[in-house]
Amino acid sequence: MTQVAEAIASGALPGRLWMYSNYHCNLACSYCLTESAPKVAKRELPAELLLSLAREAKELGFTSVGITGGEPFLLPHLPDTIERLAEILPVIVLTNGTLFTKERLQRVQRFAGKPVALQISLDSPDAVVNDTMRGPHNFRKVIEAIPALVERGVQVRIATTMEEMDESDMVRLCALHRELGVPDEDHIVRPIVRRGRAVDSAMGVEAQAADLPPELTISADGAFWSPFGPTVHSGALDTDLLVSRTTSPLQRPAGILLRLVQGRPPGEDSKLGIK
Amino acid sequence: MSITVAEPQVVVDLIDSSQAPLLARPYYQGSDPGPIVAALAHVPEVLEVAMPFISALYGPSALPVRLKEIVVVRTSAHLECRYCIESHSVVALDAGFSCSEILGLRDLDDTVRERWSSDEAGEPALMEWIDAVAGATGSVSKDSAGRMREYFSDAEIVELTLLIGATMMLNRFCTALGLPSSNGTLERLRAEDLL
Ligand code: SF4
């Protein structure tokens, strides 16, 4: 058993490896952590790299992988890649749920019965409120896509990202997700984190490493403490949650992350008096 | 002698404490870590091995600080590294060097070694060794090596030579990235007429 596997088994490290498949997105949400939008640099992790990272993750003792972005389904290879990833480890894919055309629904139908879950964002039971944050027609597209996926046997989770919601709205939202075929255990509510675009609008909560579970996250820019790590503000990558630039072999960032979790000696060796 | 090498133009963003990666944070605690750390912080897994190496060579060790500063200032003069010449001229002042000694170390004229007056007989041999290692390419003169052996042990020669090599590496790193000297360094050098 690797040290990482032991740490995962003991609960010291979460078992999911996150991978940022890309940074571009068809939307440009007001609180987006990565300042994603249609024209930003894609910064993709190629399909073969996603697969080899998942294989390494399995060997190290990780128990699942998560794909996030950007909007992963903008990548044409994604349905095939998810299917191949699911042969290695269970997969969760974070998606805005707006790209499920008939053709794409057909392509993802094969996820039915496989260890694949699609986590779709839906922030309010009100179209206007939801679309203010996420863009025009977002609400309609999402509430059409979710039952279409559920009918095809694809596991769907709904993620609600919000600053505050009064109780009656939450009751309506929960009624809506049940109506769409998503059970309570697959509805996640989480706060807006003040990174990326949320900084400019002073939305959400500040989060430091200590506030975030140490979920190893790989992007085109390196390995990070959490999927909230490789965020972008004013076009520049945030490095405060950077673990290492080295991502392969995965053991390297996984080992550093574990060392960070377990504590490290202070950098006394920097006191050279040179500025 | 004034420093005539080009004004630096910083090539990469220098990472400030708010963006310091997790492995780099200990180096930011309490004070400005300086531009070498702030540049290396872009690659934290390299920073965390480079800094102990740099510290072992440039921090306290079996070698007297005076010999180390002779190496660093003179090697940096050979490689025309503005940042290292400036920052280590201040370190040399703090270590008790006179301004004329510092100017002598920066002066690459051969006759400086002959005019060098110090109680330590090995210093001109060390300067000759630095000139042979950092000021030339290809093989290093056997005569210079012989003179080093007259004054220094094997362990001292190894450490001094590694220090020359590490300084050459840092010289090129700092020069290529255009790392800037701090205002404090520049003020001190101006006050001592060492700029
Ligand atoms: S929050 Fe998600 S859906 Fe919205 S712009 Fe960012 S990546 Fe796209």
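Below, chain A is the first sequence line, B the second, and so on; all start at residue 1.
- Other residues, nucleotides and ligands contribute only 12 or fewer heavy atoms inside 6.0 Å of the CD atom of A/Gln3.
- Closest heavy-atom contact between A/Thr34 and A/Thr231: CG2-CA, 4.4 Å.
- Between chain B and the options A/Ser244, A/Ala209, A/Gly222, the largest number of non-hydrogen pairs under 4.5 Å is found for A/Ser244.
- Annotation: ring-ring contact (aromatic ring centres under 6.0 Å, His included) contacts of A/Tyr31 (sequence neighbours excluded): none.
- Partner B/Trp116 forms a side chain to side chain contact (heavy atoms under 4.5 Å, CB included) with one of B/Thr111, B/Leu105, B/Leu126 and no other, that one being B/Leu105.
- At a 4.5 Å heavy-atom cutoff, the contact between A/Ile256 and chain B is made by side-chain atoms alone.
- With a threshold of 4.5 angstrom between heavy atoms, B/Ser17 does not approach chain A through any atom at all.
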